[in-house]
Engineer: 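Have a look at this one before I ask anything.
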Amino acid sequence: MTGPKKKRRIEHWKVIAAYLIVYDVIAVNLAYFLALWLRFDARFSEIPYEYLNSYKLFAPFYTVLCIATFVWLKLYNSIWRFASYNELIRCMVASVATSLVQIIGITVFVKRMPISYYLIGMILQFGFTVISRFSYRFLLLLRGKNVVTNVPQTKCMLIGAGNAGQIILRDVKNSKELNEKICCVIDDNPNKWNRSMEGIPVVGGADDILLNVEKYDIKKIYLAIPSATAERRRDILNICKETDCEIKALPGIYQLAIGDVSIKDMKDVAIEDLLGREQVKLDLEPVFKFLHGKPVMVTGGGGSIGSELCRQIAAHEPERLIIFDIYENNAYDIQNELKKKYPNLKLTVLIGSVRDSGRLQAVFSKYKPQVVYHAAAHKHVPLMEESPCEAIKNNAIGTYKTAYAAMKNGCERFILISTDKAVNPTNIMGASKRLCEMVIQTFDYMIKNHRESELVKLTAHLDSEEVAGNENDFKAKTQYVAVRFGNVLGSNGSVVPLFRKQISEGGPVTVTHPDIVRYFMTIPEAVSLVLQAGVMGEGSEIFVLDMGSPVKIDTLARNLIKLSGFKPDVDIKIEYTGLRPGEKLYEEKLMAEEGLKTTPNHLIHIGMPIAFDNDEFIEKLKSLNEVSFANDEDKTVKLVKEAVSTYSPCIDGNEIK
């Protein structure tokens with residue numbers, strides 16, 4: 001036995017479609033009847049019999065044709081609560097097409113009608129068709145506008161009366177999720193002042209922001225000027241942050257170019273918007289031509305800089321990309337990201353330490369990378385002050401071992417990622433990075449003077465004869481350069497994410513000293529500079545980016561608090577915790593002795609290397625290797641001070657003698 005049959009339920013949209021068909025049957029006939037009626041002064045008795053009879057004869061054929069055309073153009077399948085421009089065009093096409101058939105059909109097969117009959121009939125048919133379909137959406141919009149909630153709307157200001165601003169304005173007005181109301185628009189074009197956009201007044205330029213924030217009791221500001229220069233954005237944001245408003249901004253012109261702009265694209269204002277300079281633009285075409293078809297290795301490839309290097313290199317078809325990192329979670333993340341985005345990329349992800357010469361030699365011997373970006377390093381200043389031996393083992397000795405493996409295996413270019421903390425260092429991390437720079441300068445000096453045997457002997461002393469190999473087994477050709485830059489916005493350990501987290505938790509925001517200043521750059525800028533160095537370098541150069549003016553960390557913290565809609569020291573407290581061990585008030589980009597050499601890009605400079613005794617440095621490197629691996633912290637710091645003449649360890653700004 002079979003159970004009772006389920007009664008099939010007719011979908012609601014099919015019922016609506018049936019009603020529309022009935023409506024259209026009436027509408028298309030009514031349109032042309034009214035056209036005939038209006039032609040003869042709206043008097044039925046005045047309509048000549050031959051015209052009325054012709055209309056009746058053609059009506060059945062025309063009705064069937066209209067319904068068939070509407071079905072073909074899917075005028076019964078749309079979701080009319082979301083009716084838009086596309087549906088309007090289809091209604092127009094349907095009306096024009098069927099009206100042409102009316103004109104030709106009734107004229108040829110029945111009788112020629114008055115011209116007004118054809119024109120008025122077409123217009124009325126289009127009107128009836130559109131009204132039936134768009135009235136539902138119109139009523140929904142009216143009902144939505146008239147809905148009264150108990151929650152007061154957040155009053156907003158929109159800056160930018162261009163295309164992006166118009167899209168954001170419509171999105172806010174039509175959004176059911178947002179309980180916000182844009183009360184006024186700001187734009188620097190005087191031609192738009194005292195006019196309106198979507199019914200919202202354009203009240204003036206940037207100089208009128210503060211006045212209108214107070215006038216309209218604004219609580220949130222939307223910044224929608226994606227094409228503005230960095231300087232202009234900074235000037236406007238400096239005005240906005242003097243208000244108590246929360247500020248959201250459209251990140252850039254890219255979204256506008258691809259037509260993907262909506263309220264969801266509005267982000268918290270990035271602190272780089274307040275740096276007041278355009279991002280450095282580099283011609284990377286020579287870089288990617290250089291990398292194309294070559295095996296490229298990135299040590300520390302899972303970190304902030306390393307992972308961005310991997311992304312940009314992967315996009316330009318290297319023969320193979322080798323990612324080498326000690327931290328498996330980071331390596332796993334970048335591996336999955338690149339596999340998904342570049343399925344045809346030859347990708348090798350390896351776990352290992354730059355301290356392990358055997359592991360490095362095995363990797364270099366197997367994959368023979370032609371270009372190496374050495375980003376693996378310990379970089380946290382306070383942590384390294386507590387563990388100076390680890391800083392030397394990983395940064396200085398690790399760089400030496402990686403540079404040696406590159407030389408032994410015939411690598412073309414070796415690019416070291418350095419830092420402005422290597423300039424006149426006051427902490428062990430900065431000093432260790434200066435040692436890294438001295439390592440690659442030593443390699444370059446030894447190779448150019450055909451003294452590779454000294455490096456072979458040093459490696460044999462540091463590791464073993466097996467690792468060092470025989471100097472006759474390889475011909476050194478590697479070029480070594482360093483890239484030095486400041487703090488990277490958004491990188492792991494950057495102060496900006498820390499401040500944002502502290503603000504989201506209600507404070508306090510902790511600043512070490514009210515006068516501390518730092519240089520800042522973005523991750524793309526840093527990576528672009530690193531990539532450029534791989535092409536421009538001839539050996540032993542230290543590339544330096546002009547990072548503009550340094551930024552006071554206290555000012556940066558206060559700006560972030562203001563941009564989040566709070567008042568510093570009122571809503572969110574700022575606490576000064578004192579300089580940490582090894583921390584100085586300001587960073588320098590170059591040592592006084594170095595001097596600058598220009599490059600074709602006026603924002604990139606080359607620091608001329610400081611001469612030092614390479615033989616003496618090699619002996620000190622031997623001693624540093626021994627004491628650091630013996631974990632003798634006092635001797636390690638003492639030897640670093642001897643090796644790096646500009647290193648002045650200090651606590652709370654006071655030098656340790």
Side-chain angles (χ1 to χ4, degrees), residues 281-328 330-352 354 359-377 399 402-418 440 474 476-483 485 523-539 541 543 604:
K281 300 293 190 300
L282 298 176
D283 178 14
L284 293 179
E285 191 59 33
V287 174
F288 297 126
K289 283 182 180 177
F290 173 70
L291 295 177
H292 180 79
K294 292 180 180 178
V296 181
M297 181 174 178
V298 180
T299 69
S304 305
I305 299 297
S307 61
E308 181 63 22
L309 274 167
C310 291
R311 290 182 191 99
Q312 294 201 28
I313 293 167
H316 292 84
E317 300 178 350
E319 189 276 325
R320 180 182 296 274
L321 175 59
I322 305 110
I323 298 176
F324 189 78
D325 203 298
I326 188 62
Y327 186 38
E328 61 180 289
N330 282 351
Y332 181 73
D333 289 343
I334 190 65
Q335 179 186 44
N336 286 342
E337 179 185 334
L338 294 181
K339 274 186 174 180
K340 183 178 180 181
K341 192 169 184 180
Y342 306 104
N344 297 322
L345 173 70
K346 285 186 180 178
L347 178 65
T348 301
V349 180
L350 303 170
I351 302 301
V354 293
R359 177 64 168 152
L360 285 169
Q361 291 294 344
V363 171
F364 274 82
S365 177
K366 181 175 180 179
Y367 297 103
K368 298 292 184 183
Q370 292 300 295
V371 184
V372 175
Y373 295 96
H374 183 54
T399 295
T402 310
Y404 186 82
M407 183 186 76
K408 183 179 177 182
N409 290 278
C411 179
E412 290 181 32
R413 296 284 175 90
F414 184 97
I415 301 98
L416 168 72
I417 313 301
S418 190
I440 68 156
F474 61 93
K477 60 177 180 178
T478 312
Q479 292 180 327
Y480 294 87
V481 297
V483 185
F485 47 79
I523 290 178
E525 283 178 315
V527 169
S528 295
L529 178 62
V530 172
L531 291 172
Q532 189 81 47
V535 172
M536 295 172 65
E538 296 177 359
E541 298 99 335
F543 288 83
I604 299 176

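We number each residue from 1, following the sequence as shown.
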Engineer: For the residue pair Leu347 and Gln335, what are the closest heavy atoms and their distance?
Structural biologist: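 Where Leu347 meets Gln335 most closely, the heavy atoms are CD2-O, 3.9 Å.
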Engineer: Less than 4.5 Å apart, side chain to side chain, heavy atoms only: is that true for Glu317 and Tyr342?
Structural biologist: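 No, too far: nothing below the 4.5 Å cut-off.
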Engineer: Using 0.5 Å steps for rounding, measure from the CD1 atom of Ile417 to the NE2 atom of His374.
Structural biologist: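 Those atoms lie 9.0 Å apart.
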Engineer: Taking Ile351's backbone N and O only, do any of them form a donor-acceptor pair with Arg359's side chain (distance below 3.5 Å, no angle check)?
Structural biologist: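 Side chain of Arg359 to backbone of Ile351, a donor-acceptor pair under 3.5 Å: yes, one is there.
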Engineer: What distance separates Cys310 SG from Leu321 CG, expressed to the nearest 0.5 Å?
Structural biologist: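 Spacing of SG (Cys310) from CG (Leu321) equals 5.0 Å.
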Engineer: If every non-hydrogen atom of Thr348 is compared with every non-hydrogen atom of Tyr367, which pair is closest and at what distance?
Structural biologist: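 Between these two residues, the closest heavy atoms are CG2-OH, 3.5 Å.
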Engineer: Could you tell me whether Glu412 atom CD has more than 12 heavy atoms of other residues or ligands within 6.0 Å of it?
Structural biologist: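 Counting neighbours around CD of Glu412, more than 12 heavy atoms of other residues, nucleotides or ligands fall under 6.0 Å, so yes.
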Engineer: Within this structure, what is the NE2-CD distance for the pair His316 and Glu285, rounded to the nearest 0.5 Å?
Structural biologist: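 That separation rounds to 7.0 Å.
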Engineer: On a heavy-atom basis, which atom in Phe324 and which in Leu360 lie closest, and how many Å separate them?
Structural biologist: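 For Phe324 and Leu360, the tightest heavy-atom pair comes out as CE2-CD2, 3.8 Å.
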Engineer: Got a second to check how far Met407's CE is from Lys477's NZ, nearest 0.5 Å?
Structural biologist: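 Interatomic distance, Met407 CE to Lys477 NZ, rounded to 0.5 Å: 13.0 Å.
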Engineer: If you round to the nearest 0.5 Å, how far is CG of Leu531 from OH of Tyr373?
Structural biologist: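 Reported to 0.5 Å precision, the distance equals 5.0 Å.
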Engineer: Determine yes or no for a side-chain-to-main-chain donor-acceptor pair under 3.5 angstrom, with Thr478 supplying the side chain and Cys411 the backbone.
Structural biologist: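 Checking the backbone N and O of Cys411 against the side chain of Thr478, a donor-acceptor pair under 3.5 Å is found.
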Engineer: Parallel, tilted or perpendicular for Tyr480 and Phe414, by the 30°/60° rule?
Structural biologist: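 Rings of Tyr480 and Phe414: tilted, as their planes differ by 30° to 60°.
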Engineer: Does any non-hydrogen side-chain atom of Tyr332 lie less than 4.5 Å from one of Val349?
Structural biologist: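 Heavy-atom side-chain distance check fails, nothing below 4.5 Å.
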Engineer: When you compare the side chain of Glu337 with that of Arg311, does any pair of heavy atoms fall below 4.5 Å?
Structural biologist: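 Contact flag for Arg311/Glu337 side chains = yes.
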Engineer: CG of Leu350 to CE of Met297: how many Å apart, nearest 0.5 Å?
Structural biologist: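 Going from CG on Leu350 over to CE on Met297, the span is 7.0 Å.
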Engineer: Would you say Asp325's side chain and Gly302's backbone share a donor-acceptor pair under 3.5 angstrom?
Structural biologist: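 A pair under 3.5 Å: yes.
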Engineer: Closest heavy-atom contact between Pro318 and Val296?
Structural biologist: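 Nearest pair, atom of Pro318 first, then Val296: CB-CG2, 4.1 Å.
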Engineer: Walk me through whether Leu291 and Val535 qualify under side-chain contact (heavy atoms from CB on, under 4.5 Å).
Structural biologist: CA-CA 9 Å; Leu291 295 177; Val535 172; over 6 Å; no
Engineer: Would a 4.5 Å heavy-atom cut-off, applied to side chains only, mark Val527 and Glu308 as touching?
Structural biologist: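 The answer is yes; the side chains approach within 4.5 Å.
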Engineer: Is atom CD of Glu328 surrounded by more than 12 heavy atoms (other residues, nucleotides or ligands) closer than 6.0 Å?
Structural biologist: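 Result for CD/Glu328: open.
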